[in-house]
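Per chain, numbering begins at 1; letters A, B, ... match sequence-line order.
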Number of protein chains: 2
Amino acid sequence: MAQTKPSTRERLLDIAEAGVLAKGFGATSIEEIIAEAGISKNGFFYHFRDKNELARALLQRYLDTEEALLDDVFSRARELHGDPLHSFLIGLKLLSEMMADLPNGHPGCLVATFTYSERMFDRDVRELNRNAVLIWRARFLKMLEEIASIYPPRDHVDLRSLADMISNTVEGGIVLSKAIGQPQILSEQLLLLRSYVRLLFEPAEARTALAS
Amino acid sequence: MAQTKPSTRERLLDIAEAGVLAKGFGATSIEEIIAEAGISKNGFFYHFRDKNELARALLQRYLDTEEALLDDVFSRARELHGDPLHSFLIGLKLLSEMMADLPNGHPGCLVATFTYSERMFDRDVRELNRNAVLIWRARFLKMLEEIASIYPPRDHVDLRSLADMISNTVEGGIVLSKAIGQPQILSEQLLLLRSYVRLLFEPAEARTALAS
DNA sequence: CTCCTACTGCACCGGGAGTGCAGTTTTGCC
DNA sequence: GGCAAAACTGCACTCCCGGTGCAGTAGGAG
């Protein structure tokens with residue numbers, strides 16, 4: 001499995017992804033992708049029937065990577081602490097640190113890009129995009145339900161909304177970081193989210209004074 | 001000042017804005033804009049030197065409208081309650097209701113769209129976009145500093161980050177709402193933000209039990 | 001030796017960005 | 001009413017991009 005192919009297809013996806021995140025899908029031309037890849041136009045169309053199929057492949061690959069990353073982060077967090085609340089807080093911390101360590105900041109989220117270009121794609125791609133957000137929701141909801149079953153929340157909150165808040169924080173954080181060119185915003189926002197989760201669920205006796 | 005001109009320029013901007021929010025800037029063609037406006041191509045170029053100038057005008061108009069809206073919401077909130085914390089909480093509630101009342105959900109934020117297409121624009125437009133976020137930050141930071149000077153926060157938070165969290169919630173909420181086609185997410189997320197601000201600043205004695 | 005994968009090269013179409021220029025209608029103002 | 005400026009129209013043309021069609025080929029696997 002290890003780097004058997006620096007395959008052309010993967011290189012095309014890499015180049016396309018960078019372009020899409022920097023300029024938007026509609027503004028990323030096949031011409032420039034093949035120019036950078038050093039391939040002919042027909043070479044491109046050998047791999048992807050049309051631009052929509054490029055979009056599909058791009059999004060699918062992106063979602064698989066993200067899912068693996070989230071699996072990794074939160075299972076590592078769970079190994080560090082068996083309690084659902086504390087492992088969740090650790091997971092958010094890890095995520096925040098991971099985002100802070102990206103050298104040029106987060107390059108952008110394809111789900112957001114595609115959401116802001118929905119009219120360009122066919123049903124398949126839009127459905128894929130929609131499902132991605134619903135999968136994130138389900139993932140975080142499951143963790144929050146486990147937490148809430150042990151720690152009663154301090155305020156009336158809908159756990160489903162709260163689950164969305166994680167995705168929300170990431171998506172918003174990426175936009176703001178990119179917009180003003182301050183990569184650290186994303187990780188700061190994740191820490192604020194963590195602070196909220198803590199205030200919501202952590203029992204008062206565990207928070208004597210303002211201890212971190 | 002009242003509707004003296006349903007001027008062509010404004011109509012072009014309206015049509016362009018809808019297109020840009022639905023498909024992205026690069027994918028919104030001048031041809032389709034003039035087709036919908038019923039104007040010739042040269043008519044378009046009479047108003048805007050090129051596509052970049054269209055972007056500039058689009059963004060400037062959008063930012064002016066948003067600023068006026070925020071001024072309105074938070075000054076109305078201030079009239080309803082003199083206390084900075086409570087008027088801020090009311091403002092977030094008003095904003096949330098306003099977003100919930102949009103018939104087809106929020107159409108999208110141009111700042112986010114432009115952020116995800118940065119390479120398409122010249123320095124001017126990128127600077128305009130960047131400044132917009134910094135202006136939002138300054139606006140909310142001022143309000144939060146006033147709050148924090150009266151109510152000591154319950155957790156160590158950087159007020160600047162917290163100020164960004166308002167923009168963050170809106171940007172993220174718009175992405176999620178659009179992505180899964182559930183307009184209410186944006187207003188829900190604003191209410192969660194409100195819950196966080198309340199937990200952070202509201203004195204314990206004001207929150208006996210879990211009262212709203 | 002042959003089949004398959006992964007391409008190259010060329011020619012072509014339609015549509016979009018943008019330019020240039022000449023001409024026309026509409027509007028505001030004296 | 002007259003006149004100039006503003007707000008356009010129409011046409012012709014350039015270059016770039018998405019996409020198609022078709023013919024051909026280099027290299028590895030059986």
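- Within residues 13-23 of chain A, no residue is approached by DNA chain C to less than 4.0 Å at the level of any non-hydrogen atom.
- Each ring-ring contact (aromatic ring centres under 6.0 Å, His included) pair with one or both residues in residues 83-105 of chain A, not counting sequence neighbours, appears once here: A:Phe74-A:Phe88, A:His81-A:His86.
- For D:dA7, the OP1/OP2 oxygens have a side-chain nitrogen or oxygen of B:Tyr46 closer than 4.0 Å.
- Regarding contacts with the backbone of C:dC7, a side-chain N or O of A:His47 is found under 4.0 angstrom from either OP1 or OP2.
- Shown here are the salt bridge (charged side-chain N to carboxylate O under 4.0 Å, His left out) partners of A:Glu171, two or more places apart in sequence or in another chain: there are none.
- Looking at residues two or more places apart in sequence or on another chain, you find no ring pair (Phe, Tyr, Trp, His ring centres under 6.0 Å) involving A:Phe201.
- With sequence neighbours excluded, the residues that form a ring pair (Phe, Tyr, Trp, His ring centres under 6.0 Å) with B:Phe48 are B:Phe44.
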**Asked** Base, backbone or nothing for each nucleotide of nucleotides 18-24 of chain C, written B, S, -, heavy atoms under 4.0 angstrom, 5' to 3'?
**Response** BBBB---
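- Salt-bridge annotation for B:Arg56 and B:Asp50: absent, with no side-chain N of the basic residue lying under 4.0 Å from a carboxylate O of the acidic one.
- Checked against ring pair (Phe, Tyr, Trp, His ring centres under 6.0 Å), B:Phe25 has the following partners two or more places apart in sequence or in another chain: B:Phe114, B:Phe121.
- B:Thr8 has a side-chain polar atom (N or O) that falls below the 4.0 Å cut-off from OP1 or OP2 of D:dC8.
- Partners of B:Glu67 according to the salt bridge (charged side-chain N to carboxylate O under 4.0 Å, His left out) rule, which considers only residues two or more places apart in sequence or in another chain, do not exist here.
- Residues satisfying the side-chain hydrogen bond (donor to acceptor under 3.5 Å, both in side chains) criterion with A:Asn131, sequence neighbours excluded, are absent altogether.
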